[in-house]
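Take a look at the structure set out below.
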Amino acid sequence: MHPDSPIEDGHVADYSAIEAFRAEVLAHYADAGRTMPWRETCDPWRILVSEVMLQQTQVARVIPAYERFLAAFPTPDALAAAPLEDVLRLWQGLGYNRRAVALKRAAGSIAEEHGGSVPDSLEALRALPGVGPTTAAGVMAFAFGVPGVYIETNVRAAFIHRFVGDLDDVSDREILPYYEAALDRADPRTWIHALMDYGAHIKKTVPNPSRRSRHYARQSAFEGSRRQKRARLLRAVLARGAAVAEDAAFDLDVPVPEAAELLALLAEEGFLAEDGGVFRVADS
DNA sequence: GTCCGGCTCC
DNA sequence: GGAGCCGGAC
(Lines give C-alpha, C1' and ligand atoms only; values in the text may rest on other atoms or scores of the structure.)
Protein backbone atom coordinates (compact mmCIF):
# COMPACT_ATOMS: atom_id res chain seq x y z
CA MET A 1 0.00 0.00 0.00
CA HIS A 2 1.05 3.56 -0.68
CA PRO A 3 2.96 5.15 2.25
CA ASP A 4 0.56 8.10 2.24
CA SER A 5 -2.49 5.89 1.98
CA PRO A 6 -5.61 7.37 3.58
CA ILE A 7 -6.78 3.81 4.16
CA GLU A 8 -5.58 1.57 7.00
CA ASP A 9 -6.86 -1.98 7.49
CA GLY A 10 -9.59 -1.34 4.98
CA HIS A 11 -10.90 1.72 6.80
CA VAL A 12 -10.51 5.39 6.03
CA ALA A 13 -7.84 6.88 8.27
CA ASP A 14 -7.51 10.19 6.43
CA TYR A 15 -10.74 11.70 5.19
CA SER A 16 -8.99 14.85 4.05
CA ALA A 17 -7.03 12.92 1.40
CA ILE A 18 -10.26 11.41 0.11
CA GLU A 19 -11.90 14.83 0.15
CA ALA A 20 -8.96 16.34 -1.75
CA PHE A 21 -9.25 13.58 -4.33
CA ARG A 22 -12.98 14.14 -4.67
CA ALA A 23 -12.47 17.86 -5.12
CA GLU A 24 -9.86 17.33 -7.81
CA VAL A 25 -12.02 14.84 -9.70
CA LEU A 26 -15.07 17.12 -9.57
CA ALA A 27 -13.02 20.14 -10.59
CA HIS A 28 -11.73 18.27 -13.61
CA TYR A 29 -15.29 17.21 -14.45
CA ALA A 30 -16.59 20.76 -14.24
CA ASP A 31 -13.75 21.92 -16.43
CA ALA A 32 -13.38 19.09 -18.94
CA GLY A 33 -16.17 16.56 -18.40
CA ARG A 34 -17.04 14.64 -21.54
CA THR A 35 -20.43 14.66 -23.24
CA MET A 36 -21.84 11.30 -24.30
CA PRO A 37 -25.29 10.47 -25.64
CA TRP A 38 -25.99 7.97 -22.83
CA ARG A 39 -25.18 10.62 -20.28
CA GLU A 40 -28.14 12.64 -21.55
CA THR A 41 -30.67 10.04 -20.48
CA CYS A 42 -31.78 8.01 -17.47
CA ASP A 43 -33.77 5.55 -19.60
CA PRO A 44 -32.65 2.17 -18.24
CA TRP A 45 -32.80 0.51 -21.67
CA ARG A 46 -30.56 3.12 -23.24
CA ILE A 47 -28.20 2.90 -20.29
CA LEU A 48 -28.10 -0.90 -20.51
CA VAL A 49 -27.38 -0.83 -24.26
CA SER A 50 -24.58 1.70 -23.72
CA GLU A 51 -23.02 -0.32 -20.90
CA VAL A 52 -23.01 -3.51 -22.96
CA MET A 53 -21.51 -1.70 -25.94
CA LEU A 54 -18.87 -0.12 -23.71
CA GLN A 55 -17.64 -3.52 -22.53
CA GLN A 56 -14.19 -3.79 -24.09
CA THR A 57 -14.98 -1.03 -26.55
CA GLN A 58 -13.92 2.60 -26.51
CA VAL A 59 -16.32 5.54 -26.33
CA ALA A 60 -15.54 6.94 -29.79
CA ARG A 61 -16.54 3.70 -31.48
CA VAL A 62 -19.62 3.19 -29.36
CA ILE A 63 -21.25 6.57 -30.07
CA PRO A 64 -22.33 5.98 -33.70
CA ALA A 65 -23.33 2.37 -33.01
CA TYR A 66 -25.35 3.46 -29.98
CA GLU A 67 -27.33 5.97 -32.03
CA ARG A 68 -28.16 3.66 -34.93
CA PHE A 69 -28.88 0.69 -32.66
CA LEU A 70 -31.35 2.55 -30.46
CA ALA A 71 -33.00 4.17 -33.47
CA ALA A 72 -33.74 0.63 -34.68
CA PHE A 73 -34.47 -0.92 -31.27
CA PRO A 74 -35.80 1.83 -28.99
CA THR A 75 -37.20 -0.63 -26.44
CA PRO A 76 -36.35 -4.12 -25.14
CA ASP A 77 -39.50 -5.38 -26.89
CA ALA A 78 -38.26 -4.02 -30.21
CA LEU A 79 -34.92 -5.79 -29.88
CA ALA A 80 -36.53 -9.00 -28.65
CA ALA A 81 -38.82 -9.05 -31.71
CA ALA A 82 -36.12 -8.19 -34.27
CA PRO A 83 -34.41 -10.76 -36.51
CA LEU A 84 -30.96 -11.60 -35.15
CA GLU A 85 -29.61 -10.87 -38.62
CA ASP A 86 -30.65 -7.20 -38.34
CA VAL A 87 -29.19 -7.00 -34.85
CA LEU A 88 -25.82 -8.38 -35.95
CA ARG A 89 -25.73 -6.05 -38.96
CA LEU A 90 -26.16 -3.04 -36.71
CA TRP A 91 -23.52 -4.42 -34.36
CA GLN A 92 -20.82 -4.55 -37.04
CA GLY A 93 -17.87 -2.34 -36.20
CA LEU A 94 -18.16 -2.84 -32.46
CA GLY A 95 -16.52 -6.24 -32.22
CA TYR A 96 -17.28 -9.12 -29.86
CA ASN A 97 -20.48 -10.04 -31.71
CA ARG A 98 -21.52 -12.45 -28.96
CA ARG A 99 -22.48 -9.35 -26.98
CA ALA A 100 -25.19 -8.66 -29.58
CA VAL A 101 -26.55 -12.19 -29.25
CA ALA A 102 -26.53 -11.89 -25.47
CA LEU A 103 -28.18 -8.45 -25.54
CA LYS A 104 -30.98 -9.75 -27.75
CA ARG A 105 -31.49 -12.65 -25.31
CA ALA A 106 -31.46 -10.18 -22.44
CA ALA A 107 -34.14 -8.17 -24.24
CA GLY A 108 -36.19 -11.34 -24.61
CA SER A 109 -35.89 -12.01 -20.90
CA ILE A 110 -36.84 -8.42 -20.08
CA ALA A 111 -39.89 -8.71 -22.36
CA GLU A 112 -40.96 -12.10 -21.00
CA GLU A 113 -40.09 -11.90 -17.32
CA HIS A 114 -40.02 -8.19 -16.49
CA GLY A 115 -42.98 -6.84 -18.41
CA GLY A 116 -40.74 -5.07 -20.91
CA SER A 117 -39.01 -2.90 -18.32
CA VAL A 118 -35.33 -3.21 -17.49
CA PRO A 119 -35.23 -4.59 -13.93
CA ASP A 120 -34.10 -2.25 -11.18
CA SER A 121 -32.26 -4.66 -8.90
CA LEU A 122 -28.64 -5.74 -9.06
CA GLU A 123 -29.60 -9.41 -8.81
CA ALA A 124 -32.16 -9.32 -11.63
CA LEU A 125 -29.79 -7.36 -13.86
CA ARG A 126 -26.96 -9.79 -13.17
CA ALA A 127 -29.21 -12.66 -14.19
CA LEU A 128 -29.48 -11.21 -17.73
CA PRO A 129 -27.12 -12.76 -20.27
CA GLY A 130 -24.06 -10.63 -20.99
CA VAL A 131 -24.57 -8.58 -17.82
CA GLY A 132 -21.83 -9.01 -15.22
CA PRO A 133 -21.22 -7.19 -11.94
CA THR A 134 -19.92 -3.99 -13.51
CA THR A 135 -22.64 -3.61 -16.14
CA ALA A 136 -25.32 -4.31 -13.54
CA ALA A 137 -23.83 -1.74 -11.16
CA GLY A 138 -23.64 0.75 -14.04
CA VAL A 139 -27.36 0.42 -14.81
CA MET A 140 -28.21 0.73 -11.11
CA ALA A 141 -26.14 3.90 -10.74
CA PHE A 142 -26.75 5.64 -14.07
CA ALA A 143 -30.41 4.75 -14.58
CA PHE A 144 -31.73 4.34 -11.05
CA GLY A 145 -29.34 6.47 -8.98
CA VAL A 146 -28.41 3.55 -6.73
CA PRO A 147 -24.76 3.53 -5.63
CA GLY A 148 -22.73 0.36 -6.05
CA VAL A 149 -19.36 -1.08 -6.99
CA TYR A 150 -18.56 0.09 -10.50
CA ILE A 151 -14.87 -0.62 -11.00
CA GLU A 152 -13.86 -0.54 -14.66
CA THR A 153 -10.69 0.53 -16.39
CA ASN A 154 -10.98 4.30 -15.93
CA VAL A 155 -11.95 3.94 -12.28
CA ARG A 156 -8.98 1.63 -11.73
CA ALA A 157 -6.70 4.13 -13.44
CA ALA A 158 -7.91 6.94 -11.20
CA PHE A 159 -7.41 5.09 -7.90
CA ILE A 160 -4.21 3.29 -8.82
CA HIS A 161 -2.65 6.54 -10.00
CA ARG A 162 -3.72 8.52 -7.01
CA PHE A 163 -3.45 6.08 -4.08
CA VAL A 164 -1.45 2.97 -4.95
CA GLY A 165 1.92 4.46 -5.82
CA ASP A 166 4.21 2.39 -8.03
CA LEU A 167 2.93 -1.06 -7.07
CA ASP A 168 2.04 -3.63 -9.70
CA ASP A 169 -0.53 -6.41 -9.69
CA VAL A 170 -3.14 -4.28 -7.92
CA SER A 171 -6.37 -6.15 -7.22
CA ASP A 172 -9.83 -4.60 -7.19
CA ARG A 173 -10.11 -5.70 -3.56
CA GLU A 174 -7.27 -3.32 -2.82
CA ILE A 175 -9.00 -0.47 -4.66
CA LEU A 176 -12.39 -1.08 -3.07
CA PRO A 177 -11.83 0.82 0.24
CA TYR A 178 -10.85 3.95 -1.70
CA TYR A 179 -13.77 3.48 -4.02
CA GLU A 180 -16.22 3.14 -1.15
CA ALA A 181 -14.75 6.08 0.75
CA ALA A 182 -14.93 8.38 -2.26
CA LEU A 183 -18.33 7.27 -3.59
CA ASP A 184 -21.09 9.88 -3.59
CA ARG A 185 -24.04 7.84 -2.37
CA ALA A 186 -26.48 10.67 -2.96
CA ASP A 187 -25.52 11.16 -6.61
CA PRO A 188 -23.50 8.17 -7.80
CA ARG A 189 -24.29 8.93 -11.42
CA THR A 190 -22.55 12.29 -11.54
CA TRP A 191 -19.70 11.09 -9.33
CA ILE A 192 -18.88 8.00 -11.38
CA HIS A 193 -19.07 9.95 -14.63
CA ALA A 194 -16.59 12.41 -13.13
CA LEU A 195 -14.39 9.59 -11.85
CA MET A 196 -14.25 7.91 -15.26
CA ASP A 197 -13.41 11.17 -16.99
CA TYR A 198 -10.65 11.78 -14.48
CA GLY A 199 -9.26 8.27 -15.06
CA ALA A 200 -9.43 8.73 -18.82
CA HIS A 201 -7.62 12.04 -18.44
CA ILE A 202 -4.92 10.50 -16.23
CA LYS A 203 -4.16 7.94 -18.92
CA LYS A 204 -3.21 10.76 -21.25
CA THR A 205 -0.70 12.18 -18.78
CA VAL A 206 1.00 9.00 -17.49
CA PRO A 207 1.40 5.42 -18.79
CA ASN A 208 -1.98 3.72 -18.35
CA PRO A 209 -2.21 2.87 -14.62
CA SER A 210 -4.81 0.22 -15.45
CA ARG A 211 -2.02 -1.89 -16.85
CA ARG A 212 -0.87 -2.34 -13.27
CA SER A 213 -4.22 -3.85 -12.36
CA ARG A 214 -4.29 -7.60 -11.69
CA HIS A 215 -7.33 -7.64 -13.94
CA TYR A 216 -5.61 -6.13 -16.94
CA ALA A 217 -5.23 -8.71 -19.69
CA ARG A 218 -3.15 -8.08 -22.74
CA GLN A 219 -4.75 -9.40 -25.92
CA SER A 220 -3.04 -11.80 -28.26
CA ALA A 221 -2.45 -10.57 -31.80
CA PHE A 222 -5.62 -10.10 -33.84
CA GLU A 223 -4.06 -10.52 -37.29
CA GLY A 224 -4.39 -14.13 -38.36
CA SER A 225 -6.26 -15.06 -35.18
CA ARG A 226 -9.34 -17.18 -34.75
CA ARG A 227 -11.17 -14.08 -33.56
CA GLN A 228 -10.45 -12.42 -36.87
CA LYS A 229 -11.62 -15.45 -38.85
CA ARG A 230 -14.84 -15.72 -36.84
CA ALA A 231 -15.60 -12.07 -37.42
CA ARG A 232 -14.88 -12.32 -41.14
CA LEU A 233 -16.96 -15.46 -41.38
CA LEU A 234 -19.95 -13.85 -39.71
CA ARG A 235 -19.66 -10.88 -42.08
CA ALA A 236 -19.49 -13.25 -45.04
CA VAL A 237 -22.64 -15.10 -43.95
CA LEU A 238 -24.44 -11.79 -43.41
CA ALA A 239 -23.43 -10.72 -46.92
CA ARG A 240 -24.36 -14.03 -48.58
CA GLY A 241 -27.54 -14.69 -46.62
CA ALA A 242 -26.60 -18.37 -46.49
CA ALA A 243 -23.37 -20.31 -46.82
CA VAL A 244 -22.01 -23.85 -47.02
CA ALA A 245 -18.52 -24.76 -45.84
CA GLU A 246 -17.07 -24.37 -49.34
CA ASP A 247 -18.39 -20.77 -49.55
CA ALA A 248 -16.88 -19.98 -46.19
CA ALA A 249 -13.57 -21.56 -47.15
CA PHE A 250 -13.49 -19.39 -50.27
CA ASP A 251 -14.43 -16.19 -48.42
CA LEU A 252 -11.85 -16.71 -45.67
CA ASP A 253 -9.21 -18.38 -47.85
CA VAL A 254 -8.90 -21.26 -45.40
CA PRO A 255 -9.18 -25.06 -45.94
CA VAL A 256 -12.76 -26.40 -46.09
CA PRO A 257 -12.47 -28.41 -42.84
CA GLU A 258 -11.41 -25.29 -40.94
CA ALA A 259 -14.28 -23.31 -42.46
CA ALA A 260 -16.69 -26.09 -41.48
CA GLU A 261 -15.37 -26.05 -37.93
CA LEU A 262 -15.74 -22.29 -37.63
CA LEU A 263 -19.30 -22.45 -39.00
CA ALA A 264 -20.19 -25.18 -36.51
CA LEU A 265 -18.72 -23.15 -33.69
CA LEU A 266 -20.76 -20.05 -34.61
CA ALA A 267 -23.83 -22.28 -34.76
CA GLU A 268 -23.13 -23.68 -31.29
CA GLU A 269 -22.85 -20.17 -29.93
CA GLY A 270 -26.21 -19.17 -31.33
CA PHE A 271 -25.08 -16.98 -34.23
CA LEU A 272 -26.03 -19.42 -36.98
CA ALA A 273 -28.48 -22.21 -37.61
CA GLU A 274 -27.65 -25.20 -39.82
CA ASP A 275 -29.99 -26.97 -42.17
CA GLY A 276 -28.44 -29.78 -44.18
CA GLY A 277 -24.99 -28.19 -44.32
CA VAL A 278 -26.40 -24.74 -45.15
CA PHE A 279 -25.76 -22.10 -42.52
CA ARG A 280 -27.86 -18.96 -42.04
CA VAL A 281 -28.10 -16.42 -39.26
CA ALA A 282 -30.17 -18.03 -36.49
CA ASP A 283 -33.83 -17.09 -36.02
CA SER A 284 -33.21 -15.83 -32.54
C1' DG B 1 3.57 -4.48 -35.41
C1' DT B 2 1.09 -2.01 -30.39
C1' DC B 3 -2.65 -0.23 -27.86
C1' DC B 4 -7.35 -0.27 -25.52
C1' DG B 5 -11.34 -2.79 -23.03
C1' DG B 6 -15.93 -6.81 -19.26
C1' DC B 7 -18.21 -11.14 -19.51
C1' DT B 8 -18.69 -16.17 -20.07
C1' DC B 9 -17.33 -20.67 -19.66
C1' DC B 10 -14.17 -23.79 -18.16
C1' DG C 1 -8.10 -17.90 -12.14
C1' DG C 2 -7.22 -18.36 -17.06
C1' DA C 3 -8.58 -18.52 -21.96
C1' DG C 4 -11.32 -16.71 -25.51
C1' DC C 5 -13.83 -13.09 -27.72
C1' DC C 6 -13.27 -7.91 -32.04
C1' DG C 7 -11.93 -3.80 -34.43
C1' DG C 8 -9.87 0.49 -35.61
C1' DA C 9 -6.34 4.02 -34.42
C1' DC C 10 -1.63 4.57 -34.44
Side-chain angles (χ1 to χ4, degrees), chain A residues 34 36 38 47-66 68-69 87-106 109 122 125-142 148-158 160-161 169-173 175 192 195-197 199-238 252 261-262 264-272:
Chain A
R34 297 175 293 178
M36 301 172 196
W38 47 89
I47 300 292
L48 175 60
V49 169
S50 75
E51 288 298 314
V52 171
M53 288 185 170
L54 287 161
Q55 294 167 0
Q56 298 293 96
T57 308
Q58 283 116 328
V59 168
R61 276 174 41 216
V62 168
I63 289 175
Y66 171 86
R68 67 174 187 251
F69 196 88
V87 179
L88 289 170
R89 275 217 175 80
L90 287 172
W91 199 266
Q92 292 307 296
L94 281 173
Y96 295 119
N97 295 299
R98 56 170 55 164
R99 290 182 296 171
V101 177
L103 186 56
K104 181 168 160 49
R105 289 183 179 151
S109 165
L122 203 61
L125 286 163
R126 273 251 32 197
L128 298 172
V131 177
T134 307
T135 300
V139 173
M140 290 306 291
F142 304 139
V149 179
Y150 186 81
I151 299 182
E152 49 69 83
T153 183
N154 295 306
V155 174
R156 290 191 185 113
I160 290 174
H161 172 72
D169 197 34
V170 183
S171 72
D172 285 351
R173 217 159 52 81
I175 292 174
I192 297 171
L195 188 55
M196 287 193 286
D197 285 7
H201 164 70
I202 286 300
K203 292 177 184 174
K204 295 179 199 155
T205 69
V206 300
N208 188 353
S210 265
R211 299 188 68 164
R212 297 193 277 120
S213 165
R214 186 171 299 172
H215 313 279
Y216 177 85
R218 203 167 161 280
Q219 277 291 358
S220 51
F222 182 58
E223 193 60 34
S225 68
R226 192 168 179 101
R227 297 199 310 283
Q228 185 183 42
K229 292 193 179 89
R230 287 164 53 98
R232 283 169 51 198
L233 177 55
L234 182 62
R235 274 183 209 275
V237 176
L238 285 171
L252 299 192
E261 190 199 334
L262 287 165
L265 211 60
L266 288 185
E268 262 176 51
E269 293 178 46
F271 289 100
L272 305 178

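The analysis underlying the following values was restricted to heavy atoms, covering all of them including side chains, and did not include hydrogens, waters or symmetry mates. These figures come from a predicted structure and were not determined experimentally. Convention: sequence-line order gives letters A, B, ...; per-chain numbering from 1.
- Place A/Phe222 and A/Thr135 on DNA chain B by their nearest nucleotides, and A/Phe222 ends up nearer the 5' end.
- If you check every strand for non-hydrogen atoms under 4.0 Å, A/Glu269 touches nothing.
- Evaluation of atom-type donor-acceptor distances gives no pair under 3.5 Å for the side chain of A/Gln55 against the base of B/dG6.
- In this structure, A/Val52 reaches neither bases nor backbone, as no heavy-atom distance under 4.0 Å exists between it and the strands shown.
- A 4.5 Å side-chain heavy-atom check between A/Thr153 and A/His215 finds every atom pair outside the cut-off.
- For the pair A/Arg214 CZ and B/dG6 P, the interatomic distance rounds to 18 Å; values are reported in whole Å.
- What separates OH of A/Tyr96 from P of B/dC7 is a distance of 13 Å, to the nearest Å.
- Following rounding to the nearest Å, A/Arg156 (CZ) and B/dC4 (P) show an atom-to-atom distance of 14 Å.
- Regarding contacts with the backbone of B/dT8, a side-chain N or O of A/Arg126 is found under 4.0 angstrom from either OP1 or OP2.
- The residue A/Glu152 sits close only to the backbone: its heavy atoms come under 4.0 Å of sugar-phosphate atoms, none of a base.
- With respect to A/Glu261 and A/Lys229, no salt bridge is recorded, no charged nitrogen being found less than 4.0 Å from a carboxylate O.
- Looking at heavy-atom distances under 4.0 Å, A/Arg235 makes contact with sugar-phosphate atoms alone, never a base.
- With a 4.5 Å cut-off on side-chain heavy atoms, A/Ile192 and A/Glu152 do not count as touching.
- Put simply, CG on A/Leu122 is 11 Å from P on B/dC7, counting in whole angstrom units.
- The one candidate from A/Arg211, A/Arg212, A/Arg214 that meets the salt bridge (charged side-chain N to carboxylate O under 4.0 Å, His left out) condition with A/Asp169 is A/Arg214.
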> When you look at A/Tyr216 and A/Arg156, which way does the side chain to side chain contact (heavy atoms under 4.5 Å, CB included) test go after all the steps?
Replying inline: CA-CA 10 Å; A/Tyr216 177 85; A/Arg156 290 191 185 113; over 6 Å; no
> Hey, mind stepping through A/Val59 and A/Val62 against side chain to side chain contact (heavy atoms under 4.5 Å, CB included) and telling me if it holds?
Replying inline: CA-CA 5 Å; A/Val59 168; A/Val62 168; 5.7 Å; no
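- One can place CD1 of A/Ile151 at 15 Å from P of B/dG5, the figure rounded to the nearest angstrom.
- Between A/Asn208 and the phosphate of B/dC4, there is a side-chain N or O to OP1/OP2 separation shorter than 4.0 Å.
- Per the geometry, OH belonging to A/Tyr150 stands 8 Å off P belonging to B/dG6, to the nearest Å.
- Between A/Arg211 and the phosphate of B/dC4, there is a side-chain N or O to OP1/OP2 separation shorter than 4.0 Å.
- Summarising the geometry, the separation between CG on A/Leu265 and P on B/dT8 is reported as 18 Å, rounded to the nearest angstrom.
- Between A/Leu262 and A/Arg226, some side-chain heavy-atom pair lies under the 4.5 Å cut-off.
- Between the C1' atom of B/dG5 and the CE atom of A/Met196 lies a distance of 13 Å, rounded to the nearest Å.
- Among the atoms of the strands shown, only primed sugar atoms or phosphate atoms (P, OP1, OP2) are found under 4.0 Å from some heavy atom of A/Arg218.
- Checked against the 6.0 Å centroid threshold, A/Tyr66 and A/Trp38 count as a close aromatic pair.
- Heavy-atom contacts of chain A under 4.0 Å fall on DNA chain C between two terminal nucleotides, which in 5' to 3' order are C/dG4 to C/dG8.
- One finds no side-chain N or O of A/Thr57 lying less than 4.0 angstrom from the OP1 or OP2 phosphate oxygen of B/dG6.
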